[in-house]
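Worth knowing before you read on, the calculation uses all heavy atoms, side chains too, and leaves out hydrogens, waters and symmetry mates. Only a predicted model underlies this, so the values are computations on that prediction, with no experimental measurement involved. Residue numbers start from 1 in every chain, and the chains themselves are labelled A, B, ... in the order their sequence lines are given, proteins ahead of strands.
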Amino acid sequence: MISTKYGGFPVSVKIGLSFGPVDWEIIGAGKRKAYYFRGPAVEGCARAEHYAGKMHVVLDADMKQNLDDSAEAEKIEEGFYLLREIKTKDSQHSDMKMIKMKKKIVSEFIPSRIIDHVQKREFRDVVSVFVRFKGLKSHESINGYISDILEKTDKYGGYFNHLDFGDKGSNFLVFFGAPLSYEDNLIRACDY
Amino acid sequence: MTGALMLHGKEGAEVLSERIDRLFQPVIDIIYGHGGFISVFAGDGATAVFPGKAGIEPCLLSAWDIIEFFRKTM
């Protein structure tokens with residue numbers, strides 16, 4: 001429960017883990033770029049998460065296979081295992097090291113008018129455009145399609161949030177109205 | 001939570017944003033501190049990658065630490 005001056009709100013977390021290949025690609029033939037991660041391990045952890053109850057860690061079979069004696073997991077469904085215990089729990093993680101990215105590189109992925117935008121905290125109406133696409137498997141075909149989308153997103157003043165290949169299939173999410181807002185967000189989104 | 005805090009306008013937005021930071025930042029710290037990285041945030045979730053076979057143990061420890069963190073927060 002996290003408490004605020006407007007009342008308490010329950011919070012919980014579910015975690016799915018998998019092991020296997022993950023492909024990383026940068027896309028964008030034009031000046032705007034995006035990136036994605038995909039592969040069996042990305043899909044596997046999303047599937048495992050579906051079997052996780054609140055505050056549970058669930059492993060899929062590929063992850064389970066790669067465990068040594070230091071972790072104990074119990075079968076809950078065919079191919080899915082609940083993490084019970086980690087024996088050698090020497091979990092001293094180091095301080096986070098963030099790599100400082102050059103603005104020139106970042107601005108290939110995020111328009112500079114958004115990088116320079118100072119975010120105020122507010123509730124705002126936003127048009128969200130969630131697009132699921134099928135049939136594009138190769139990096140080349142995805143690159144061709146998404147390059148076109150990136151260009152159109154810029155043209156209409158939208159914000160390309162991300163490209164994802166998880167449990168919801170191949171999809172991308174674009175916002176009109178955040179972080180930058182125009183008077184005619186709705187019209188821009190419809191034209192787009 | 002969003003729905004309830006929306007009724008409080010600007011002030012609610014401040015509270016929500018601050019609480020989300022307070023939940024997400026430790027999770028990000030745990031993942032990066034164990035040598036992983038977040039490949040995508042989607043809604044109220046995130047996908048993290050721990051490279052290679054050597055990533056298995058830090059990945060398990062991160063998952064465990066995140067659960068622990070939420071348990072303490074709850």
Side-chain angles (χ1 to χ4, degrees), chain A residues 1-17 19 22 24 35-38 41-42 45-46 49 54-59 63 66-68 70-71 83 85-86 88-98 119-124 161-166 168 171 173, chain B residues 1-23 25 27-53 55-71 73-74:
Chain A
M1 187 76 87
I2 48 177
S3 50
T4 73
K5 60 178 165 183
Y6 300 118
F9 301 92
V11 288
S12 63
V13 65
K14 297 174 180 183
I15 301 178
L17 303 179
F19 178 82
V22 172
W24 171 56
Y35 60 83
Y36 66 80
F37 289 82
R38 65 169 176 167
V42 175
C45 70
E49 188 265 333
K54 285 177 182 173
M55 311 301 274
H56 284 169
V57 180
V58 170
L59 325 174
M63 184 71 181
N66 282 281
L67 291 190
D68 56 19
S70 63
L83 186 63
E85 199 184 343
I86 300 181
T88 55
K89 202 189 169 308
D90 177 28
S91 186
Q92 288 299 315
H93 62 267
S94 51
D95 283 343
M96 177 166 75
K97 285 182 208 81
M98 279 292 211
Q119 191 69 55
K120 268 183 291 176
R121 295 163 171 186
E122 61 174 308
F123 291 114
R124 189 198 286 175
N161 181 252
H162 69 250
L163 175 60
D164 189 38
F165 295 88
K168 293 184 183 68
N171 66 79
L173 180 65
Chain B
M1 184 171 177
T2 306
L5 291 176
M6 254 170 93
L7 304 173
H8 301 281
K10 253 192 161 114
E11 187 118 13
E14 285 285 337
V15 170
L16 180 65
S17 164
E18 188 260 336
R19 293 298 148 134
I20 287 174
D21 284 353
R22 233 199 267 177
L23 278 185
Q25 193 58 55
V27 172
I28 296 167
D29 289 346
I30 289 167
I31 288 164
Y32 280 79
H34 277 109
F37 64 90
I38 290 170
S39 63
V40 69
F41 281 102
D44 54 0
T47 304
V49 179
F50 292 80
K53 259 204 149 153
I56 291 176
E57 199 185 316
C59 168
L60 284 168
L61 291 173
S62 297
W64 207 249
D65 282 358
I66 291 166
I67 298 285
E68 277 297 302
F69 163 70
F70 269 80
R71 199 160 275 149
T73 307
M74 272 174 92

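When all heavy atoms are compared, the tightest approach of Tyr35(A) to Ser39(B) is CE1-O, 3.6 Å. Nearest heavy-atom pair, Ile15(A) versus Ala63(B), reported as atom, atom and distance to 0.1 Å: CD1-O, 3.6 Å. Residues Leu5(B) and Phe123(A) share a closest heavy-atom pair of O-CE1, 3.5 Å. Shown here for Leu60(B) and Ile86(A), the closest heavy-atom pair between the two residues is O-CD1, 3.5 Å. Considering all non-hydrogen atoms of both residues, Glu122(A) and Ala13(B) come closest at CA-CB, 3.6 Å. Considering every non-hydrogen atom in both Arg19(B) and Thr4(A), the closest pair reads CG-CG2, 4.0 Å.
Between the CG atom of Asp44(B) and the NZ atom of Lys14(A) there is a distance of 10.0 Å, given to the nearest 0.5 Å. For the atom pair Leu83(A) CG and Ile67(B) CD1, the distance stands at 8.5 Å (nearest 0.5 Å). Atoms CD and NZ, from Glu11(B) and Lys5(A) in turn, are 3.5 Å apart once rounded to the nearest 0.5 Å. For the atom pair CD1 of Ile2(A) and CZ of Phe70(B), the computed distance is 8.5 Å after rounding to the nearest 0.5 Å.
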| said: Determine whether Lys53(B) and Phe19(A) satisfy the following criterion, side-chain contact (heavy atoms from CB on, under 4.5 Å), listing intermediate values before the conclusion. | reply: CA-CA 8 Å; Lys53(B) 259 204 149 153; Phe19(A) 178 82; 3.4 Å; yes
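Ranking Val40(B), Ile56(B), Val15(B) against chain A, the residue ahead of the rest is Ile56(B), based on heavy-atom pairs under 4.5 Å. Of the residues considered (Gly7(A), Gly16(A), Pro10(A), Ser3(A)), Ser3(A) shows the highest number of contacts with chain B, using heavy-atom pairs under 4.5 Å.
A tilted orientation is assigned to the rings of Phe37(A) and Phe37(B), their planes being inclined by 30° to 60°.
Only the side chain of Leu16(B) comes within less than 4.5 Å of a heavy atom of chain A; its backbone N, CA, C and O stay farther away. Proximity to chain A (any heavy atom under 4.5 Å) is restricted, for Leu23(B), to the side chain, taken from C-beta onward.
Residues meeting the salt bridge (charged side-chain N to carboxylate O under 4.0 Å, His left out) test with Arg121(A), sequence neighbours left out: Glu14(B), Asp21(B).
Atom CG of Asn66(A) sits in a crowded spot, with more than 12 heavy atoms from other residues, nucleotides or ligands closer than 6.0 Å.
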